[in-house]
Amino acid sequence: MSLAEVLALPATVNVVTAARALGIGHNKAYDLIKAGQFPVRTLSVGSTVRIPTAALWEALGIGPLRQE
């Protein structure tokens with residue numbers, strides 16, 4: 001994913017999108033989540049796992065660009 005794509009993500013994303021942003025496969029991402037080793041905080045919503053975009057940005061060392 002490009003920086004612009006990552007910065008344009010909605011407030012939360014699914015595991016597949018987060019994995020793409022991190023440059024790993026979705027199977028690896030799910031394995032890491034199950035092991036409690038995913039590098040980003042996750043939110044469990046029933047049986048669905050969502051990743052807060054702000055936490056994803058932090059893990060990637062980026063933040064939203066501000067226009068002033």
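Residues take their numbers from the sequence shown, with the count starting at 1. No hydrogens, no waters, no symmetry mates; every other heavy atom, side chains included, goes into these values.
- When side chains are defined from C-beta on, L3 counts as touching I62, because their heavy atoms get closer than 4.5 Å.
- The stretch residues 21-38 participates, sequence neighbours left out, in no side-chain hydrogen bond (donor to acceptor under 3.5 Å, both in side chains) pair at all.
- In terms of hydrophobic clustering, with Ile, Leu, Val, Met, Phe, Trp and Tyr side chains grouped at heavy-atom distances under 4.5 Å, V49 and V45 are assigned to different clusters.
- With sequence neighbours excluded, no residue forms a side chain to side chain contact (heavy atoms under 4.5 Å, CB included) with S44.
- Scored by the side chain to side chain contact (heavy atoms under 4.5 Å, CB included) test, T12 finds L43, R50 as partners (sequence neighbours excluded).
- Residue R41 comes nearest to P52 through the heavy atom pair O-CD, 3.2 Å, listed as atom of the first residue, atom of the second, then distance.
- L22 CG to L56 CG: the interatomic distance, rounded to the nearest 0.5 Å, is 5.5 Å.
- When the side chains of ILVMFWY residues are joined at heavy-atom separations under 4.5 Å, either directly or via intervening members, V16 and V40 end up in two distinct hydrophobic clusters.
- Scored by the side chain to side chain contact (heavy atoms under 4.5 Å, CB included) test, T53 finds L9, V13, W57 as partners (sequence neighbours excluded).
- For A19, the side chain to side chain contact (heavy atoms under 4.5 Å, CB included) test picks out I24, A29, with sequence neighbours left out.
- With a 6.0 Å radius and a threshold of 12 heavy atoms from other residues, nucleotides or ligands, E58 has its CD atom at or below the threshold.
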